[in-house]
A.B. asks: 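Quick one: this structure, given as structure tokens, is what I'll be asking you about.
Just so it is clear, the structure is predicted and the values come from calculations on it, not from any experiment. Each chain gets a letter, A, B and so on, in the order its sequence line appears, and its residues count up from 1.
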2 protein chains.
Amino acid sequence: MSDTETSETILDAAEELFAKQGFAATTIKQIGAAAGVNPALTYYYFDNKEKLYRAVLGRLIGTIATQGARQLDPAPAPDQAVRALVGVQSETLIGRPTLPRILGRELVDHELSHASDHLAHLSATLFSRLCELIRAGQEAGTFRDDMDARFAAISVISLVPYFHIARPVMGILLESGPDGPDVETMRAYGRHVAEFALAALAAR
Amino acid sequence: MSDTETSETILDAAEELFAKQGFAATTIKQIGAAAGVNPALTYYYFDNKEKLYRAVLGRLIGTIATQGARQLDPAPAPDQAVRALVGVQSETLIGRPTLPRILGRELVDHELSHASDHLAHLSATLFSRLCELIRAGQEAGTFRDDMDARFAAISVISLVPYFHIARPVMGILLESGPDGPDVETMRAYGRHVAEFALAALAAR
DNA sequence: GTCTATAGGTGGATAGAC
DNA sequence: GTCTATCCACCTATAGAC
């Protein structure tokens, strides 16, 4: 196996296990077993467990950044932009089921942890863009202006991630089993959120 | 120290640490130290780490159940009921800062875990009540009826918890530091969510 | 009920052969 | 690059004195 192949295999296994069990509960030996690779190799490629975790985070953030770029490039009407943002959020989280779980853990842990500045910076950028967008809509008269733009932005970007982070619970609530809702249901929820958010923002 | 006093002290310390670090990363020795008590006492009162964690969960769920009961007793107009639900959610999560963190971890972990059936049952009950409420509002004409009631219910109950689970990130986004927003801001957000949700649900 | 001592096991990490 | 063997630290849990 070539260098990159092996390290990639380890990264895949690690991502899966960190998502499923969290950082502390996951052992290097488990990762080696899951990757079908000698556990000692983890140290050859990643020095230690902490750096391995960061490498996993780095790859995930790369995914988000790529997807995120898509949603900000064209700046159409505010309501179309909100729709696009929600859509990309939804597709990103559906496409990488390990993302919401690791993200969820990072959100809760943020204080102590690993919490990459990248992530904080990225979400801050995205957040302030969304705030501007909402303010623009308010000035244009399409959005109601008796709502704090920052709180509204938080509400909008909360809806989709929570659904995916709490996926097993959503499975119970929607009676589709503990594995969570199927892909079509998740897509449908994404479309619902766009409607819900725009209805909340719309001027009367 | 009397029995209950000691076990209560241990529970307090454990709740704090489990919230801050999670189950796997928290050690019995840390708990003993934080509680100012001999670590071996943990086993005297709670048998093992797992059962201690369940005891912590049990206390927290008790809190939720007590608060939750309040919000369902009187059944006023649907929009008032939504307002009340959001308000209680917000106050409960503000009042017990350790609740959203442990809850967040449970949400992510639900599969494997400890995830008490109590919690699942409780949220399911609350959820189906909210669904009925929304459907009632739709039939009464106060809520728009071109929205799936279950999806709408999920959206409504997502808004407040996400804010508290991601509290450190919210601190960054709202520029109030990594400790998260202050109590007044959290209250204000709760009020905002009520407006946001009702605007989203309202018939045109 | 509380404390000390310790058994028993596992995890992260390294040294060194191949 | 890969694998074996192993060290050391630390964690859960128990036995037993007080």
A.B. asks: Rounded to whole Å, please give me the gap between CG in B/Asn48 and P in D/dA13.
C.D. replies: 5 Å
A.B. asks: Kindly write out the residues that satisfy ring-ring contact (aromatic ring centres under 6.0 Å, His included) with B/Tyr162, not counting sequence neighbours, or none if the list is empty.
C.D. replies: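 ring-ring contact (aromatic ring centres under 6.0 Å, His included) check on B/Tyr162 returns nothing, list empty.
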A.B. asks: At under 4.0 Å, does any side-chain N or O of B/Tyr45 touch on OP1 or OP2 of C/dT2?
C.D. replies: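 Yes, such a contact exists.
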A.B. asks: Just to verify, what does B/Arg59 make a side-chain hydrogen bond (donor to acceptor under 3.5 Å, both in side chains) with, not counting sequence neighbours?
C.D. replies: B/Asp12, B/Glu15
A.B. asks: Can you list everything that forms a side-chain hydrogen bond (donor to acceptor under 3.5 Å, both in side chains) with A/Asp182? Sequence neighbours excluded, please.
C.D. replies: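 A/Asp182: side-chain hydrogen bond (donor to acceptor under 3.5 Å, both in side chains) contacts with A/Thr185.
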A.B. asks: So, using side-chain hydrogen bond (donor to acceptor under 3.5 Å, both in side chains) as the criterion, who are the partners of A/Tyr189 when residues are at least two apart?
C.D. replies: B/Ser155
A.B. asks: Taking CG from A/Leu41 and P from C/dG12, how many angstroms apart are they, rounded to a whole number?
C.D. replies: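 Rounded to whole Å, this separation is 16 Å.
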A.B. asks: Between C/dT14 atom P and A/Tyr43 atom OH, what is the distance in whole Å?
C.D. replies: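 Computing the A/Tyr43:OH to C/dT14:P distance gives 8 Å.
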A.B. asks: Walk along nucleotides 4-11 of chain C from 5' to 3' and tag each nucleotide B, S or - by protein heavy-atom contact under 4.0 Å, base first, then sugar-phosphate.
C.D. replies: B------S
A.B. asks: How would you list, by chain and number, every residue that makes a side-chain hydrogen bond (donor to acceptor under 3.5 Å, both in side chains) with A/Arg83, sequence neighbours excluded?
C.D. replies: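 side-chain hydrogen bond (donor to acceptor under 3.5 Å, both in side chains) check on A/Arg83 returns A/Glu195.
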A.B. asks: Starting at CZ of A/Phe46 and ending at P of C/dT14, how long is that distance when rounded to a whole Å?
C.D. replies: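 My rounded result for the distance is 16 Å.
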A.B. asks: Which whole-number value in Å describes the distance from B/Leu52 CG to D/dA13 C1'?
C.D. replies: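 B/Leu52 atom CG is separated from D/dA13 atom C1' by 14 Å.
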A.B. asks: Take the protein atom CG of B/Asp47 and the nucleotide atom P of D/dA13, then report the distance between them rounded to whole Å.
C.D. replies: 9 Å
A.B. asks: Hey, what's the ring geometry for B/Phe196 with A/Phe196, parallel, tilted or perpendicular (30° and 60° as the breaks)?
C.D. replies: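 The rings of B/Phe196 and A/Phe196 sit tilted, inter-plane angle from 30° to 60°.
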A.B. asks: Just how far, in rounded Å, is P of C/dG12 from NZ of A/Lys51?
C.D. replies: 16 Å
